Each structure stands twice: as C-alpha cells, then as structure tokens.
Amino acid sequence: MKIYFAPLEGITGMIFRQAYEKNFGGIDVYYTPFVTTRDGGIMKAKERKEILPENNKGICVVPQIMTNRAEDFCQAAEQMAEMGYQEVNLNLGCSSGTVVPKGKGAGFLKHTEELDRFLDAIFQHSNVKISIKSRIGFFEPEEFPKLLEIYEQYPVKELILHLRTREQFYKGAVHEECFLYALEHSKHPLCYNGDICSLEDVKRIQADFPGLHSVMIGRGFLKAPGFITGISSESWKKNVFRFLEDLEQGYKEAMSGDTPVLFKMKEVWTYLQESFPDGKKWFKKIKKTKKLQEYEGLIREIKCLDF
Ligand SMILES: Cc1cc2nc3c(=O)[nH]c(=O)nc-3n(C[C@H](O)[C@H](O)[C@H](O)COP(=O)(O)O)c2cc1C
C-alpha cells in the first residue's frame with residue numbers, strides 16, 4: 001500500500017517537503033498544495049518555483065491544480081508536463097469560503113453537469129495522467145454515488161477521497177460507507193483520506209479494506225511526523241529537532257526578515273505540540289513570542305526535557 005503526504009496549503013511547500021523527507025521519509029508521493037491558474041493557465045512565478053523539479057530533488061511529487069476552466073487546466077498541465085511531470089492532480093475538495101463561491105475546489109461538486117463537461121474536456125486534451133482528489137459531496141454524503149458515476153466515465157489515474165462533505169470542512173466523522181461504496185462501484189485505484197493519525201489507524205484501514213491501493217495522510221503527519229516508519233522515540237527526538245532546524249533555516253533563506261519565519265514555525269507547532277509532553281503549555285508560550293530568538297530559546301528548553 002502506498003503512503004501519500006496530503007497537500008496542506010501554506011504548510012507543505014517545497015521547504016517543508018525537503019525537511020520532512022530528510023528527517024523522516026517513508027512517503028511514496030508528496031502532493032503539492034494547489035496552484036491556481038490565471039488566464040491562459042499561466043501559474044504565478046511563486047507557484048511555479050514551488051513545483052520546479054530542481055526544488056523537489058530526491059522526492060516523488062505530484063502537482064495539484066485548482067480551476068474550473070478546462071482550457072486553463074490543460075495549459076497548466078502542459079507546463080507541468082514540460083517540467084517532467086507525468087501526473088497532475090485536480091483539486092475538488094478545497095472548502096475555503098473564498099474558493100467555493102467561485103465554483104472551484106469543493107464548490108465544483110455542486111455543479112455536476114459543468115463538472116462532467118470540464119472532465120470530458122481535460123481528459124480529452126491533457127497529455128499527462130490526471131488523478132482526482134475529491135470530497136464525497138457538497139452538502140451530504142448521499143451525493144456521492146452521482147459524483148462517482150461521473151468519475152467512472154474517465155480514465156482517472158487515481159481517485160483520492162477525502163471522506164467528508166464540504167459542509168463538514170475538516171471536522172466530524174469521516175463517511176467510510178462512501179469508501180466502501182467506491183470500492184464496490186469504481187474501477188479506479190482508490191486512496192483513503194481523512195483522520196489517519198497513527199500506525200494503528202493505518203493497520204485498521206488496511207484490515208477493513210483489503211487490497212487498498214493507497215492512503216493519504218495530512219494532519220496526522222504534522223502532529224506526529226514520521227509515525228509511519230515506526231521510528232524509535234530516541235531517534236524521533238533527535239530527528240524532530242533537526243527537522244525544525246532545517247525548516248527554520250529553509251524559511252530564513254527563502255523569506256525576508258524573521259517575522260514571516262516565526263509565523264511559519266508557529267504554524268508547524270499548531271500541530272506538532274501534540275507530540276510533546278505539556279505540548280499545549282509550550283505552544284501557548286511559542287504563540288506569544290514576538291522574536292525568532294525568543295522562539296529559539298523555548299526550543300532549547302523543550303530539547304532539554306526528559307521524554
Ligand atoms: C491547512 C490545510 C490546508 C489544506 N490545503 C489543501 C490543498 O492545498 N489541497 C488539497 O487538496 N487539500 C488541502 N487540504 C486538505 C488535506 O489535504 C486533507 O484532505 C485533509 O486535511 C484531510 O486529511 P487529514 O485528516 O489526513 O489531514 C488542506 C487541509 C488543511 C487543514
């Protein structure tokens with residue numbers, strides 16, 4: 001079974017991916033956070049940089065596109081193909097209030113006829129394989145069979161299912177019954193996504209869905225990086241601090257001034273706190289820091305903890 005790192009916009013960019021791979025590994029494919037398209041499918045320079053192969057050396061990456069315009073999708077996919085990518089991923093899951101009203105991401109799931117026409121066009125005209133990352137519906141899981149019927153008409157490289165509706169955002173129970181339905185009714189390779197946070201979760205899903213092609217994990221890897229490799233707690237402690245140093249260094253080199261770097265590190269700790277004793281208490285302190293040096297001082301204290 002393949003292990004995928006989920007795209008997390010604002011977090012799992014090229015610097016994060018390199019730092020994670022160096023210190024933890026165990027990932028078959030990293031899906032990039034979505035790139036948006038502009039007229040003519042041209043990506044912003046910053047987004048292009050994120051997916052350039054020279055910035056993603058040594059790891060397997062699939063770039064993700066979010067748009068509802070077939071022409072833009074195809075042009076962006078073509079640019080990615082020119083970079084050497086053989087697969088691109090279509091975002092049909094983003095639940096953001098700025099994206100959904102534009103009919104993009106999960107917002108596209110409400111417009112099934114348009115979605116069908118869009119898929120028809122992109123599968124006809126793209127010269128790369130296309131995988132889809134989709135939620136199971138917009139309002140309710142009962143929408144899923146209709147969506148799957150649409151996906152089944154096209155040669156989807158892989159169907160990644162975040163087993164929630166848009167209305168659920170990132171909370172509430174995942175709808176495993178939809179995954180079961182997909183296994184019974186789909187010819188596509190399927191990937192399970194949603195709330196996998198431990199090796200036990202992975203084993204349980206593997207046992208419940210034998211022969212499963214892949215699982216995609218996001219927040220679980222942010223909360224407990226490296227859990228998938230069964231790393232010992234001693235090695236983990238060493239690696240996690242090196243990971244934090246690599247991240248900080250990477251951001252320092254890429255950003256101007258300490259403030260955005262500090263912001264990035266705080267965001268990582270939003271999740272990572274869960275792996276540390278008294279993590280909440282430490283995170284509160286980290287959140288209050290105003291200077292990178294203060295943050296670094298706290299990390300030195302945490303490093304000395306006996307755990
Ligand atoms: C902060 C954040 C950013 C996200 N950005 C993206 C994105 O760019 N593209 C995407 O397909 N999903 C995105 N997602 C959804 C995740 O990839 C994933 O589907 C979701 O978090 C459920 O998986 P998990 O429980 O393993 O985290 C994002 C989720 C979060 C919390």
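Note that the structure is a prediction, hence the values are computed from the model and not measured. Numbering of ligands and ligand atoms starts at 1, following listing order.
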Sub-3.5 Å N/O-N/O distance, F34 and ligand 1 = yes
Ion pair E176/R204, N-O distance below 4.0 Å | yes
Do R38 and D72 sit within salt-bridge range, that is, some charged N less than 4.0 Å from a carboxylate O?
-> no
Using a distance-only test with no angle check, is there a side-chain donor-acceptor pair under 3.5 angstrom linking E152 and H185?
-> no
Check whether the side chains of T165 and E140 place a donor and an acceptor atom closer than 3.5 Å, and report yes or no.
-> no
Using a heavy-atom cut-off of under 4.0 Å, does the side chain or the backbone of [X] touch ligand 1, or both, or neither?
X: N193; result: side chain
X: K133; result: side chain
X: N91; result: side chain
X: Q64; result: side chain
X: Y31; result: neither
X: E9; result: both

Verify, without hydrogens or angle tests, whether D116 (side chain) and I150 (backbone) share a donor-acceptor contact under 3.5 angstrom.
-> no
Please list, in number order, the atoms of ligand 1 under 4.0 Å from a heavy atom of [X].
X: P33; result: 8 (O)
X: D195; result: 24 (P), 25 (O), 26 (O)
X: H162; result: 19 (O), 20 (C), 22 (C)
X: I217; result: 26 (O)

Top protein contact for [atom], by heavy-atom distance:
atom: atom 28 (C) of ligand 1; answer: Y170 OH, 3.4 Å
atom: atom 26 (O) of ligand 1; answer: G218 N, 2.8 Å
atom: atom 2 (C) of ligand 1; answer: L8 CD2, 3.8 Å
atom: atom 21 (O) of ligand 1; answer: R219 NE, 3.6 Å
atom: atom 1 (C) of ligand 1; answer: Y271 OH, 4.0 Å

Only one of K252, K303, K291 passes salt bridge (charged side-chain N to carboxylate O under 4.0 Å, His left out) with E296, and that residue is K252
How about F276 and W236: are their ring centres within less than 6.0 Å of each other?
-> yes
Centres of the F243 and F16 rings: under 6.0 Å?
-> yes
Mind checking whether G194 has a heavy atom under 4.0 Å from ligand 1?
-> yes
Checking Y20, W269, F5 against L222 for side-chain contact (heavy atoms from CB on, under 4.5 Å), the one that qualifies is F5
Assess R69 against F108: is NZ or CZ under 6.0 Å from the centre of the six-membered ring, and within 45 degrees of the ring's axis?
-> no
Give me the one residue out of E158, E87, H188 that meets side chain to side chain donor-acceptor pair (under 3.5 Å) with S131.
-> E87
Who's closest to atom 14 (N) of ligand 1 heavy-atom-wise, of P7, A6, G10?
-> P7
